[in-house]
Amino acid sequence: MVSTLGGLQSLFGGQAKGPPVTNIMFLKTHKTASSTVLNILYRFAETHNLSVALPAGLHVHLGYPRLFLARYVEGVELQQHFNIMCNHLRFNLPEVQKVMPNNTFYFSILRNPVFQLESSFIYYKTYTPAFLRAPSLDAFLASPRTFYNDSRLLKNVYAKNNMWFDFGFDPNAPREEGYVRARIAEVERRFQLVLIAEHLDESLVLLRRRLRWALDDVVAFRINARSALRDPPGARDPGARAELVRAGLAPVRAFQPQPLGQLRAELGPRRLRGEVERLRARRRELATLCLQDGGEPKNRTQIRDLRLRPYQSGRADILGYNLRPGLDNQTLRVCQRLVMPELQYMAHLYALQFPEKPRKNIPFLGE
């Protein structure tokens, strides 16, 4: 039996001042480190016995890529409001407000659109028509309009302004600066915080401050990350973003890195570095406590526990983790939550929240 007393003593420490925020809507954008944030929210909901707006029936998304409707949520007809909403959906504020309380904290996450498209190309290669037609990422980036067809919007959502689409905007709308500024202003009015994937740790520090959560509530391992061994060349080319903008596949003006500016203003550079290091140090402690082989992520065939194997998509090699053997029951439960892939965690919460309903079916776990 592995001794874990020292690790667990601080496992729920570090509470920020004031009552924690418990009504939260997270717009989960695609290929932006959003699965890691989802894991944070799922863990918080389970730990504090909060209700989650989960997909109805056997579905795994909240109607995506169609605009969200309240009826896509399991149990919405019986429950007035839910505490947390964080599964993939296409944002539709009037319908979201039917599900979430008036005092809900809204936030989302964005990523450099070139890197986001690169990740989408790999992950959705076998699903998205524009990607299927392109022989390589280089070929797609060199001439996106050769492969993209506006008429197949719902199938091609991952190939053009996908984050824009997730916020409920029209990816085929005019790209004038004024229009883009107006849409960004809409996001800034509704969403109290927009995280930036390239500065995830700094973003999580700011999220923790906004939600008044404990440090361990926002500590997370990377979930649904892909192996870099299969990464193609092309998207890191400095000219790639300009080409996407010209082709209409990326907005003419990106969101500003909101978390960095806010944190520097609130904390100052020295304290900011200290807060980020505290987060990273705690992640290292939990990796030592929970994970085998120094916390190194594993590919699908190396993960021993079938329940912890992540879903594989397209040409991506999605990584997961092996837990240390011999963990006591309390520590094992904590560690399992930290590494549980999103589909399995969604099914787990669904079973807890709706014990009378048939279980969610995760077919690939039987492979």
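- Residues T128 and K155 share a closest heavy-atom pair of CG2-O, 3.7 Å.
- Remark: of the listed residues Y148, Y124, F140, F140 is the sole one forming a ring-ring contact (aromatic ring centres under 6.0 Å, His included) with F131.
- Contact annotation: the side chain of L308 never approaches that of Q344 to less than 4.5 Å [non-hydrogen atoms, C-beta and beyond].
- In this structure, N156 contributes its side chain and A130 its backbone to a donor-acceptor pair below 3.5 Å.
- The 12-atom threshold is exceeded at CD of E77, counting heavy atoms of other residues, nucleotides or ligands nearer than 6.0 Å.
- We find the NZ-OG distance between K160 and S120 to be 15.0 Å, quoted to the nearest 0.5 Å.
- Cluster annotation: L69 is not connected to L67 through the hydrophobic network of ILVMFWY side chains, with a link wherever side-chain heavy atoms come within less than 4.5 Å.
- Taking the six-membered ring for Trp and the full ring otherwise, F107 and F191 have centroids separated by 6.0 Å or more.
- Aromatic ring pairs are classed by plane angle as parallel below 30°, tilted from 30° to 60° and perpendicular above 60°; the pair F44 and W213 is parallel.
- Summarising the geometry of D216 relative to R282, their closest heavy-atom pair is OD1-NE, 2.8 Å, with the distance given to 0.1 Å.
- L332 CG to C290 SG: the interatomic distance, rounded to the nearest 0.5 Å, is 9.0 Å.
- The closest side-chain heavy-atom distance from L319 to P310 is not below 4.5 Å.
- In this structure, SG on C86 lies 11.0 Å from CG on L27, to the nearest 0.5 angstrom.
- At least one donor-acceptor pair closer than 3.5 Å links the side chain of T47 to the backbone N or O of R43.
- Here L200 contributes atom CG and I196 contributes atom CD1; the two are 10.5 Å apart, rounded to the nearest 0.5 Å.
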Check the pair T331, D328 against side-chain contact (heavy atoms from CB on, under 4.5 Å), reporting the backbone distance first and the verdict last. CA-CA 5 Å; T331 307; D328 64 71; 3.0 Å; yes
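- No hydrogens or angles considered: nothing links the side chains of E74 and H59 as a donor-acceptor pair under 3.5 Å.
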**side-chain contact (heavy atoms from CB on, under 4.5 Å) between I40 and L204, worked out** = CA-CA 10 Å; I40 289 171; L204 293 177; 3.7 Å; yes
Would R300 and D317 satisfy salt bridge (Lys or Arg N to Asp or Glu O under 4.0 Å), going step by step from the backbone distance to the final call? CA-CA 8 Å; R300 176 181 177 276; D317 184 6; over 6 Å; no
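- Looking only at distances, no side-chain donor or acceptor of E275 sits under 3.5 Å from a matching main-chain atom of L272.
- Of the possible polar contacts, one joining the S203 side chain to the H199 backbone as a donor-acceptor pair under 3.5 Å is found.
- Taking 4.0 Å as the cut-off between side-chain N and carboxylate O, E277 and R283 do not count as a salt-bridged pair.
- Checked for salt-bridge contact, R189 and E186 miss the test: no charged N lies under 4.0 Å from a carboxylate O.
- How far CG of L141 is from CG of L117: 6.0 Å, rounded to the nearest 0.5 Å.
- Between the side chain of D217 and the backbone N or O of A214, at least one donor-acceptor pair lies under 3.5 Å.
- At distances below 3.5 Å, not a single donor-acceptor pair connects side-chain atoms of K360 with backbone N or O atoms of L343.
- You'll find the side chain of M25 reaches within 4.5 Å of the side chain of L89, heavy atoms only.
- Using modelled atom types, one side-chain atom of S136 and one backbone atom of A139 make a donor-acceptor pair closer than 3.5 Å.
- Two different hydrophobic clusters hold Y123 and L132 under the rule that ILVMFWY side chains link at heavy-atom gaps under 4.5 Å.
- Taking the six-membered ring for Trp, F91 and F167 have ring centres at least 6.0 Å apart.
- Looking at N322, its side chain does come within 3.5 Å of a backbone N or O of R304 through a donor-acceptor pair.
- A cation-pi arrangement is absent between K31 and Y158, since the terminal nitrogen or guanidinium carbon is not both under 6.0 Å from the aromatic centre and inside a 45° cone about the axis.
- Crowding of R210 atom CZ: a count of heavy atoms from other residues, nucleotides or ligands under 6.0 Å exceeding 12.
- Note on ring orientation: taking the six-membered ring where Trp is involved, the planes of Y64 and H30 are tilted (angle from 30° to 60°).
- For the pair N87/M346, a side-chain contact is recorded, criterion being any heavy-atom separation below 4.5 Å from C-beta on.
- Using a 4.5 Å heavy-atom threshold, the side chains of H81 and V99 count as separate.
- A distance of 9.0 Å separates CE of M340 from CG of D305, quoted to the nearest 0.5 Å.
- Contact between H88 and T29 at its shortest, heavy atoms only, is CE1-O, 3.5 Å.
- Applying the 6.0 Å contact sphere to CG of L58 captures no more than 12 heavy atoms from other residues, nucleotides or ligands.
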- prompt: Can you check side-chain contact (heavy atoms from CB on, under 4.5 Å) on E46 and L349, steps first, answer last?
  reply: CA-CA 7 Å; E46 184 176 11; L349 291 181; 4.0 Å; yes
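- Figure legend: cation-pi geometry between R90 and F165, with NZ or CZ positioned under 6.0 Å from the six-membered ring centre and within 45° of its axis.
- Heavy-atom neighbours of N103 CG from other residues, nucleotides or ligands within 6.0 Å: above the threshold of 12.
- Here the closest non-hydrogen pair linking A56 and V73 is CB-C, 4.0 Å.
- Side-chain atoms of N224 and Y311, non-hydrogen and from C-beta on, never get closer than 4.5 Å to each other.
- Between F26 and S34, some side-chain heavy-atom pair lies under the 4.5 Å cut-off.
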Practice prompt. Begin with the C-alpha distance, continue with both residues' side-chain angles, and end with the deciding distance and a verdict on salt bridge (Lys or Arg N to Asp or Glu O under 4.0 Å) for R181 and E188.
Written response: CA-CA 10 Å; R181 285 183 180 274; E188 291 173 342; over 6 Å; no
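- The heavy-atom pair separating V76 from A70 by the smallest distance is CG1-O, 3.5 Å.
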* For side-chain contact (heavy atoms from CB on, under 4.5 Å), just list the numbers for L38 and I223, CA-CA rounded to whole Å, side-chain angles, deciding distance to a tenth of an Å, and then say yes or no. => CA-CA 9 Å; L38 181 86; I223 301 295; over 6 Å; no
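- A side-chain donor from one of S35 and K28 sits under 3.5 Å from a side-chain acceptor of the other.
- Judged by distance alone, with hydrogens and angles left aside, the side-chain atoms of D293 form no donor-acceptor pair with the main-chain N or O of G295 at under 3.5 Å.
- Ring geometry for W164 versus Y179: interplanar angle of 30 to 60°, hence tilted.
- Nearest approach of L50 to I84, heavy atoms of both residues: CD1-CD1, 4.0 Å.
- Between the side chain of R359 and the main chain of K357, a donor-acceptor pair closer than 3.5 Å is present.
- Using a 4.5 Å heavy-atom cutoff, the side chains of V339 and F221 are in contact.
- Side-chain N/O atoms of N162 and Q116 include a donor and acceptor closer than 3.5 Å.
- Between F68 and Y72, the ring planes lie perpendicular to each other; the angle is over 60°, past the 30° to 60° tilted range.
- With no hydrogens or angles considered, a side-chain donor-acceptor pair links N83 and S51 at under 3.5 Å.
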